[in-house]
Every structure is written in structure tokens, then in C-alpha cells.
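To start, the structure under review is shown below, and the notes come after it.
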Amino acid sequence: MWVNGVTLQNRGLEDSHRLAVYEASSGYRTLREVLLRPVAPEQIITEMKKSGLRGRGGAGFPTGLKWSFMPKGVTGTKYLLCNADEGEPGTCKDRDIMRYDPHRLIEGMLIGAYAMGARAGYIYIRGEFVEPIHIVEAALAEAYEAGLLGNHILGTGFSFDLHVHRGAGAYICGEETALMESIEGKKGQPRFKPPFPASYGLYGQPTTINNVETFASVPDIISKGGDWFLHLGKPNNGGTKIFSVTGHVQRPGNYEVPMGTPFKDLLAMAGGLFPERKLKAVIPGGTSTPMVAGEVMMDTTMDYDAISKAGSALGAGSVIVMDDSVCMVKTVERIARFYMHESCGQCTPCREGMGWLWRVMHRIEHGQGREEDLQLLLDVGARIEGRTICALADGGVAPVVSSIRLFRSEYEYHIQHKRCLVTTGAG
Amino acid sequence: MLSEQALTEIARERAKYPEDRAQSALLAALRIAQEDQGFLATEVMDYVAHLLGIEPIRAYEVATFYSMYDLQPVGRHKICVCGSVSCFLRGSDQILAHLEEQLGIKVGETTPDGLFTLREVECLGACLGAPMMQVGDRYYENLTKDRVDSILAALREGGDDVG
């Protein structure tokens, strides 16, 4: 199978983060071709649409379509942002792209900036990622030095400035408009939409924002063609995708495989389960996506459509594997704590609701659950969903509701017997 | 109030943003001030706001919203153990309990000698290396109790960045 062939293709090279190594492996050749031939900006957007690439940050919006929303002929600066605020539990792919191949990200942003007429950009990296921040900043300095960033890039009329903006610890800043607020030096609270970023983004200017993996896919899509990328995957699910496989597997890791790869093959790549263990459940796209029963996952392929059919979402490709040693109540209590901690506090259903979900989960886990608690959790969940500005709260409801649906008897046992049905492992 | 080096770093961050967008440098300026002063006392936040020509309330809002700012003194080494789900599934609770035992403090506390502050934090984005923790600028992954012991020993001997 074709593994680690696009955004992770240089990971095994020594000093893969250096400009010289990237250029020796055809790096910046696509940008040169685009700027010097030159290729028309519309042609780039057409190839991006053809590729079927969908946003790799979690929402899966078609990238070419998003790029086409950028208005033409506006006054003032248009901005291009990269979302590197990787924080969804289970997600750790952008960190590796930035550590091992920062120039691929920069080249992808340059091609995008040229296609959309953006003059300046920021890479928003979560503040805790000090190592990737230093690597990306060094790569930007190399690119400026080489005339690949700044004024009149490669002697052409195209100019683009790019800087790192460091976050300071807030999951919500991965939401695109919260991220823009954060670059403006404010609390990271999402904006009400519309207006959408393409018309009113950073500093009120037209802005496009994409994930690290999305940008890092661009150079090969433009050099090899949209059709090439599309056919790596399947229709409506073009290309390859990095899956971060974590939890109860023997070789946790980032595996970049074609869309449509069977889950059981991905699991085998990650070394499979531990001896004598059975697959209990999988969270396929990060904790904001509903849990799927193990036996259903074993018959599912890894792509947007198949995972959606299995009742969940591909999200950021963050595959969290749980074997039969886990106590579902304790695990979901832990997940609920995350959302309570990360709610920005702006919308009441989320600010209050995330705390409600965690407190009820906490009392069930600690032997104080009441008979009516499961219905309470479902009721509270239903009153939160769809009633907030951003998707954080829906993401917090998903693990609770989906786990009750799949493992109701385990919850009931906890409530009735004041203890756990599962007696081994992390639970 | 801040060192020359800190002021230079803040000026460099300020230059990343448009002329009329000084507040954009606020997150960076607070981080640099915290690294320089150890934590963000109210006077430090006021000074940062003054440097950028913005109202102090803007600095307080940001400093209280984001988790990486310390409004109270912390130990020389801030140990942040990830407790989110991927780390939890790989035994982060046991790592945290072991740290509490070895340091003689509870989560949220600082050792009497001022050397260590222990925290449990949410996902640090290194789930492949679970369980993991951050100490200062550095990530330590695939933790075991033995590895935690050797990291603590090296930090006690004066290292700031130990393998």
C-alpha cells in the first residue's frame, strides 16, 4: 500500500526540516514553476477543486471551493492563515509535518497566497509546541534569506510575508474565527457567522484559513495534478490522509494512507491490539466525533463517507483505539472534563452545559449516580446541540451521547452497583 | 521593569503585525514578560499594556483567558502532565500519582524549595508519545515511572533541559 507518500514523504530524511534538503527533493520546484511560467491563479484553484482535497483540520470542507470564495479586486490586504493550533485530543499530525517538513507547509501557503492574491499570512501554532515553533521560525528565516518570502519573490511581482503567531494555551483557538481574534490580541472567542472569513476575517479583511496538513498537500497536487491526488483516494474522498493512531495499539503513530483504506489494515499498521485484548470501541476523528463500536469499525473504511455512514465523522483523522480493558464511564468522564475546561464561556449552553455533563459523569463514576442520570445526560445534551456559536459544545456532547447509546448497560451497572463492570486496565 | 533582551524580543514580535495593530503582539509580549519576570504580576501586565499603547484591561483579559500565563509565582520547573484521553488510556493517572509521591505535593502545588510546580493539563498534542508531560519548553514522551525518576533527578541536579 502507498504509505506516507505526500505530506510525510520526507520524514525519514536526515535534516528534513532544512531548506537544502527540501530543495534537493524537488522542494519549491512547484512554486518556481507556478511563478515563473507563470501558471494562472484560476488554474491553481481549478486543480485544487479537481483534487477533491477536503480540509484536514476536521471540518472537511472542500479546499478548492474555499479558495474560490476569496474576493478579487478588494482594497487592502488579503490574508492567508494556517491553523496549527493542534489540540483535539488524539490529534498529533501537524506537529510532525512542522517538525519534519516545515518548508512543504510554507510552499503550500505560498502557492495558495499566489492563487488567492494574499499579501500576508500567519501560521498560528499552539504555544506549547515550542520545538515546532522554533523549527518553523528557522524555516521561515531560511525562506526569506533565499528570496522565497518577502518582496518580489523569485524576482516576480508576487510578494508575501509570513510569520508565526504563538498561541498561549486555549483549544478554542483552533476554531477559525477564535484564532483570528487571538491574532488580534484578544481572548479566543469565536465570532458569529456570517460574515464568513472570506469577506470579513483577520482585521476585518478577506481571509482564508487552512490546516497544516491541507497546505502541505498543495505542492504535490499542483505539480502532479488534481486528478493524480483524487485517484489516490476515492470519489468525494480524494487523496491520502494522515491518521494518528493512539490508545490501545502496540505501535501508536502517524500513518498517511489513501482515503478508503480499511480500518483493520490501519490497525494492523499500528501494530494491532495488545495480546489477549479485544477491540471495544474507536473514536475515529478526535474526541469531538461520536464513538463507534469495535465490530462496526472492523468493517469500515477510513474516509469521510464511510465513517459518516458508521455514525461518526473523520474529523482530523485522530483514531483513538480502546480495548476491552477500558471502563467507558471513566473514559468518557475524562473526555467530558476536557470540554468543560476548554469552553470559552461565551455561549450559555456550552459554558454551563459542559460542566453539567462532567459533573453528572463524575458522580456516576464515583458511585453516586442516580437512576435518572442517563436521561439527564441525554436531555442536557439535546439542549446544548445546535444552540451555540461554534462546534465545541456539539463536540463535547458527542462522546457522552454516543457512549450511552453503545454501552448503556455499563453505565447502568455503574449506577446500580456503585462500581465498575470492567475491572482491569486504565479504567 | 523588563530586561533589555525582553524589550528587544517584544519589539521583534511587534514588527510582525501592521502598524495600527499593536494589540496583536499582546500574547507574545505577555509570554516574554512572564519568561523575564517569572510570573505576571498586575504591574507587569500594566507595563506590557503601556508598552503596546493599549488599555490594561486588554492585558488582564488575555492573561486570564489563556492557560499558559501564570498570575502567581510558580516553581523553577513547571511540570505539566497531560491527562487527556490518549494519555489517560496509556496510564497518565499512574504517572501523575507517581510524581505526587516523588515530589511530596499534590497537583497544583509547588514544592517548599520552590523547585517544582506540578500540574495536570489537557491535551498537549503529542498523543503518539502517551503518556507524556511538558517541563518548561520541552516535551517528555513515552513516560514510565523510571524515566520520570531520572528526569526529576537530572532537574534536581541543576539541568534545565534534560534528556
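Proteins get letters first, then strands, A, B, ... in listed order; numbering begins at 1 in each.
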- B:Y66 versus A:K187, closest heavy-atom pair with distance: OH-C, 3.7 Å
- Query: Heavy-atom distance under 4.5 Å to chain A: side chain of B:E61, backbone, both or neither?
  - Reply: both
- Query: What pair of heavy atoms forms the shortest contact from A:Y79 to B:P18, and how long is it?
  - Reply: OH-CG, 3.6 Å
- Minimum heavy-atom distance between A:V130 and B:D137, given as atom pair plus value: CB-O, 3.5 Å
- Who wins among A:G253, A:A170, A:A120, A:C173 for the most heavy-atom pairs under 4.5 Å with chain B? A:G253
- Measure distances from B:E120 to the heavy atoms of chain A and classify the residue's part below 4.5 Å as side chain, backbone, both or neither. side chain
- Task: Determine, for B:K16 against A:E137, whether the closest basic-nitrogen to carboxylate-oxygen distance falls under 4.0 angstrom.
- Result: yes
- Message: Once rounded to the nearest 0.5 Å, what's the spacing between atom SG of B:C123 and atom NE2 of A:H341?
- Response: 12.5 Å
- Query: Do you know which two heavy atoms are closest between B:L128 and A:D96, and how far apart they sit?
  - Reply: CD1-OD2, 4.1 Å
- Would you check if the side chain of B:R90 reaches a backbone N or O of A:H248 as a donor-acceptor pair within less than 3.5 Å? no
- Task: Answer yes or no: does atom CD of A:Q250 have more than 12 heavy-atom neighbours from other residues, nucleotides or ligands under 6.0 Å?
- Result: yes
- Task: Please lay out, stage by stage, how B:Q23 and A:E184 fare under the test side-chain contact (heavy atoms from CB on, under 4.5 Å).
- Result: CA-CA 6 Å; B:Q23 193 176 333; A:E184 293 182 4; over 6 Å; no
- Item | Within 6.0 Å of NE2 in B:H50, more than 12 heavy atoms from elsewhere | no
- Item | A:I133 versus chain B, the contacting section by heavy-atom distance below 4.5 Å | neither
- Cut-off 4.5 Å, heavy atoms of chain A, and the answer for B:L124 is both
- Message: Between A:V245 and chain B, with a heavy-atom cut-off of 4.5 Å, which part of the residue counts as in contact: side chain, backbone, both or neither?
- Response: backbone
- Query: Which atoms of B:Y17 come close to chain A, meaning under 4.5 Å heavy atom to heavy atom: side chain ones, backbone ones, both, or neither?
  - Reply: both
- Message: Whether A:R166 and B:E9 form a salt bridge (side-chain N of Lys/Arg under 4.0 Å from carboxylate O of Asp/Glu) is what I want to check.
- Response: no
- Message: Less than 4.5 Å apart, side chain to side chain, heavy atoms only: is that true for B:F88 and A:V326?
- Response: no
- Message: Counting only non-hydrogen atoms closer than 4.5 Å, does B:A130 touch chain A with its backbone (N, CA, C, O), its side chain (CB onward), both, or neither?
- Response: neither
- Contacting region of B:S92 [heavy-atom separation from chain A under 4.5 Å]: side chain
- Message: I'd like to verify something: which residue of A:G188, A:S244, A:G87, A:G127 has the highest number of heavy-atom pairs under 4.5 Å with chain B?
- Response: A:G188
- Message: Looking at every non-hydrogen atom in both residues, tell me the closest pair between B:S24 and A:H165 and how far apart they are.
- Response: O-CE1, 3.5 Å
- Query: Out of A:R126, A:R251, A:E342, which one racks up the most heavy-atom pairs below 4.5 Å with chain B?
  - Reply: A:R126
- Query: From B:D93 CG over to A:R334 CZ, what is the distance, rounded to the nearest 0.5 angstrom?
  - Reply: 4.0 Å
- Message: With rounding to the nearest 0.5 angstrom, report the CZ to CG distance, B:R21 to A:L202.
- Response: 7.5 Å
- Heavy-atom closest contact (A:G185 atom, B:L26 atom, distance): O-CD2, 3.5 Å
